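Only one structure is covered here, and it is reproduced in the block below.
The chains referred to below are lettered A, B, ... by the order of the sequence lines, with proteins before strands, and numbering in each begins at 1. None of the values given here were measured: they were computed from a predicted structure.
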Amino acid sequence: MKAEFTPPIGKISQITGKCISLIGNDIDTDRIIPARFLKCVNFDSLGKSVFEDDRKTLKGSHTFDLKENQNSSILIVNSNFGCGSSREHAPQALIRWGIRAIIGESFAEIFYSNCIAIGIPCFTLPKKLIQNIQKYNISKSLFLEIDLKNSSAKSKDLNFNLEIKESTKKMFLSGEWDATATLLENSSLVERKFKELPYIKFSDEI
Amino acid sequence: MSQDTLFDKVWDLHKVSSLPGGSDQIFIGLHLIHEVTSPQAFGALKDKNLKVKFPDRTVATVDHIVPTDNQSRPFKDNLAEQMIETLENNCLEHKIRFFNIGSGNQGIVHVVAPELGLTQPGMTIACGDSHTSTHGAFGSIAFGIGTSQVRDVLATQTIAMNKLKVRQIWCENQLSNGVYAKDLVLHIINKLGVKAGVGFAYEFAGPAINALSMEERMTICNMSIEGGARCGYINPDEKTFRYIKNKLYAPKNVHWEKALTWWKSLKSDEDSIYDDVIKIDASKIEPTVTWGITPGQSIGINQQIPLLDELSPNDKLVAEEAYEYMSFNPGQSIKDIPVEVCFIGSCTNGRISDLRIAAKVLKDKKVSKNVKAFVVPGSEKVANEAKQEGLDQIFKDSGFQWREPGCSMCLAMNSDKLIGNQVSASSSNRNFKGRQGSPSGRTLLMSPAMVAAAAINGKVSDVREFIS
């Protein structure tokens, strides 16, 4: 886990780093960050508690505890990663642990949009390919260079394409993944929409 | 691509602009907040020097962290106290309506908004909670968002989102006696899988859905997210309008007539186009119980935990993990598995009709001496109504503890937690590993009636044996 946390800002076009593989389908956000850690008014201290219960159960042999995986920044997962609760605390815990990109077979929807919102690109690959990468990564260290513009990844031995929605890719390349500024630009359109909506007129009190 | 469904109509109505990245900017008609996912959003507003754009369109309550035994302030748990104080201060500073404990209107956010008439057809509703899909029961388009999006809604009343596809889930025939909305939705999730809904809004329709009460419809839509669908909805009908009428924030007088005219126009056209349609026969469903670690791992009460060979290749990995975690054997009957804790409550099944059904099963019966059983009403309104009907006394007489409203052991952010590898029969929505507060705790999801039956027998039971 990195001692100092610097959030991503602006355009994201390249992510380089060591991979960490986590095997399992349907890994939910309760497992990524158990609910008791949601008792906080900021995200600052979440990094150390990522996968807390799974790690305790495995007594040091969880992939996030292995010595060779420390300082990894690219997480390799299987299917439906991040299902369940909408807690942004889950990707916030991952990013504070050091994760800057995730490659998986598939992602749960709210988790995926939370990752975009905080600057973690999520890529998909077919099941077999993910399994091969995980197998390779478990036997030896895998240092990947991800090029977002070309949706590709390469290492010393491997070279492969990654899948990412075109719209999501554009957001990272332009820096618009941090949506607030873009949404604020349309302030007058929002005002107009507010006045147009039928139900706004129905209610005197709200 | 879907056309002329309720989803398309409500989405188009709320679309503010097409964003350069390809997503849409969507106006949020009602924004609900609570203490867990909002403090960081308010913090971000402060950092960016932004104000809340439409404070009247955001409503707050406190639910996740509240204790259910003693709610006097300050809470015993300092962190919980800090969270409620932060919400109080943020609401005060930004002039946001807040239903605090003791207001008579506090409770689980997805119970409170409908019972106050805040939830209405044709709205977009967002909340930093995945079970926001509940509000789709009224023909609104409602979905959970993360904290960064809570920030965006506070600052702009809009979010950036890709339009979802629409899958209609047509439920034919009727549920049989002793089978409830919870059983239906667990069955649907089992048939379709926990990730089938990713990228979709689920439209629940058909005779079995039409026959459901509004509260039962909320149970169905609530669990859309457990099937991967961020949003689930039901076309509004007379039942919907009757439910809303005269609620605190329902349109009144001349506004009511106008609202009604508009609401009646809000439904999927008969010739609307769906991205996908699935048919379910509701009459074939039994009381349903989960046996594993995802809400998709469920079986009928008279079935056995599936063998590995009976599962599709994609389900095998999680099934193996579930056998091990639950310490259940493939081929084992779900019926008669001993339970140690029984929990009735949550945004899925903590409403007055849920309590009535459970109380009916429990009347003149006793909870097994091996079971700790407690009921947590979904809101102060539910609690008061239950007391007026004498339901609290029925629960207490049977051996259930009667608690104060909150989310409680659905996610165990307060002191209501499983201990060790206890097995709980729970009317909540998630059976994930560790969900109910113990890293080795085991959750069996079922209807409130089935939880009551399990409490009496001290083991998983068929509630149909208790009702005539």
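Between A:Glu105 atom CD and B:Asn314 atom CG the span is 7.0 Å, to the nearest 0.5 Å. Distance check, rounded to the nearest 0.5 Å: OG1 of A:Thr57 to NZ of B:Lys433 gives 7.5 Å. Distance check, rounded to the nearest 0.5 Å: CH2 of B:Trp263 to CZ of A:Phe202 gives 7.5 Å. The distance from atom CZ of A:Arg36 to atom CE of B:Met413, rounded to the nearest 0.5 Å, is 11.0 Å. Atom CG in B:Asp315 sits 8.5 Å away from atom CG in A:Asn25 (nearest 0.5 Å). Taking CG of A:Leu183 as the reference point, atom CD1 of B:Ile159 lies at 8.5 Å (rounded to 0.5 Å).
For B:Thr156 against A:Thr180, the heavy-atom pair with the smallest separation is CG2-O, 4.4 Å. Taking each heavy atom of B:Ser17 and A:Leu189 in turn, the nearest pair found is CB-CD1, 4.2 Å. Counting all heavy atoms, side chain and backbone alike, B:Arg57 lies closest to A:Ile200 at CZ-CD1, 3.6 Å. Across all their heavy atoms, B:Lys195 and A:Ser79 have their closest contact at NZ-OG, 3.0 Å. Contact record, A:Leu38 with B:Met83: O-CE, 3.3 Å, taken as the closest heavy-atom pair. Between A:Ala179 and B:Asp152, the shortest heavy-atom contact is CB-OD2, 3.7 Å.
Taking chain A as the reference chain and counting heavy-atom pairs below 4.5 Å, the highest number among B:Asn414, B:Ile293, B:Leu317 is found for B:Leu317. Each of B:Gly122, B:Ala80, B:Gly146, B:Gly128 has some count of heavy-atom pairs under 4.5 Å with chain A, and the biggest count is that of B:Gly146. Interface check for chain A: of the options B:Ser440, B:Gly144, B:Ala155, B:Gly197, the most heavy-atom pairs under 4.5 Å are formed by B:Gly144. Interface summary for chain B: among A:Ala35, A:Ser106, A:Pro198, A:Ala117, the most heavy-atom pairs under 4.5 angstrom belong to A:Pro198. Ranked by heavy-atom pairs shorter than 4.5 Å toward chain B, the options A:Pro34, A:Ser167, A:Gly24 are led by A:Ser167. No other option in B:Ala160, B:Pro251, B:Gly22, B:Ala259 has as many heavy-atom pairs under 4.5 Å with chain A as B:Ala259.
Residue B:Tyr325 does not touch chain A at all, counting heavy-atom pairs closer than 4.5 Å. Contacts between B:Phe143 and chain A at a heavy-atom distance below 4.5 Å are absent for every atom of the residue. Only the backbone of B:Ile145 has a heavy atom closer than 4.5 Å to any heavy atom of chain A. For a residue to count as touching a neighbouring chain, one of its non-hydrogen atoms must lie under 4.5 Å from one of that chain's; by this rule B:His64 does not touch chain A. At a 4.5 Å heavy-atom cutoff, the contact between B:Leu411 and chain A is made by backbone and side-chain atoms alike. The contact between B:Val194 and chain A is made by backbone and side chain atoms together, counting heavy-atom distances below 4.5 Å. For a residue to count as touching a neighbouring chain, one of its non-hydrogen atoms must lie under 4.5 Å from one of that chain's; by this rule A:Lys165 touches chain B with the side chain only. The part of B:Asn162 that comes within reach of chain A is its side chain, from C-beta onward, which places non-hydrogen atoms under 4.5 angstrom from that chain. Both the backbone and the side chain of B:Pro20 come within less than 4.5 Å of a heavy atom of chain A. Both the backbone and the side chain of B:Leu13 come within contact range of chain A, judged by heavy atoms closer than 4.5 Å. For a residue to count as touching a neighbouring chain, one of its non-hydrogen atoms must lie under 4.5 Å from one of that chain's; by this rule B:Thr261 does not touch chain A.
Ionic pairing of A:Asp28 and B:Arg435 is not present here: no N-O contact between side-chain nitrogen and carboxylate oxygen is shorter than 4.0 angstrom. Classification of B:Glu321 and A:Arg31 as a salt-bridged pair holds, one side-chain N sitting under 4.0 Å from a carboxylate O. Under the 4.0 Å criterion applied to side-chain N and carboxylate O atoms, B:Arg151 and A:Asp178 are assigned as salt-bridge partners. The pair A:Glu191-B:Lys53 meets the salt-bridge criterion, since a charged nitrogen lies less than 4.0 angstrom from a carboxylate oxygen.
Counting heavy atoms from C-beta outward, B:Gln149 and A:Ser113 have side chains that approach closer than 4.5 Å. Using a 4.5 Å cut-off on side-chain heavy atoms (C-beta onward), B:Thr147 and A:Arg87 make no contact. A 4.5 Å side-chain heavy-atom check between B:Arg230 and A:Ile110 finds at least one atom pair inside the cut-off.
Proximity to chain B at a heavy-atom threshold of 4.5 Å picks out A:Ile118, A:Lys127 from residues 118-141 of chain A, in numerical order. Inspection of non-hydrogen atoms places B:Pro39, B:Gln40, B:Lys48, B:Leu50 of residues 39-50 of chain B under 4.5 Å from chain A.
A:Glu109 places a side-chain N or O within donor-acceptor distance of the main-chain N or O of B:Gly199, the cut-off being under 3.5 Å. In this structure, the side chain of B:Arg430 engages the main chain of A:Gly84 through a donor-acceptor pair within 3.5 Å. At least one donor-acceptor pair closer than 3.5 Å links the side chain of A:Glu88 to the backbone N or O of B:Ser148.
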Dump the intermediate steps for side chain to side chain contact (heavy atoms under 4.5 Å, CB included) on A:Lys39 and B:Asp77, then the final yes or no.
CA-CA 10 Å; A:Lys39 270 193 263 178; B:Asp77 179 344; 2.5 Å; yes
Q.
Would A:Val190 and B:Phe54 count as a side chain to side chain contact (heavy atoms under 4.5 Å, CB included) here? Give the steps.
A. CA-CA 11 Å; A:Val190 174; B:Phe54 294 109; 4.1 Å; yes
(request) Take B:Thr294 and A:Asp26 through the side-chain hydrogen bond (donor to acceptor under 3.5 Å, both in side chains) test and state the conclusion after the steps. (result) CA-CA 8 Å; B:Thr294 81; A:Asp26 305 322; 5.1 Å; no
Requested in this report: Dump the intermediate steps for side-chain hydrogen bond (donor to acceptor under 3.5 Å, both in side chains) on A:Ser86 and B:Asp129, then the final yes or no.
Outcome: CA-CA 5 Å; A:Ser86 65; B:Asp129 189 285; 5.6 Å; no
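Few gaps surround NZ on B:Lys163; more than 12 heavy atoms of other groups in view lie less than 6.0 Å from it.
Ring orientation note: the planes of B:Phe27 and A:Phe194 are tilted relative to one another, at an angle of 30° to 60°.
Residue A:Val41 forms a side chain to side chain contact (heavy atoms under 4.5 Å, CB included) with just one option from B:Leu87, B:Thr86, B:Leu79, and that option is B:Thr86.
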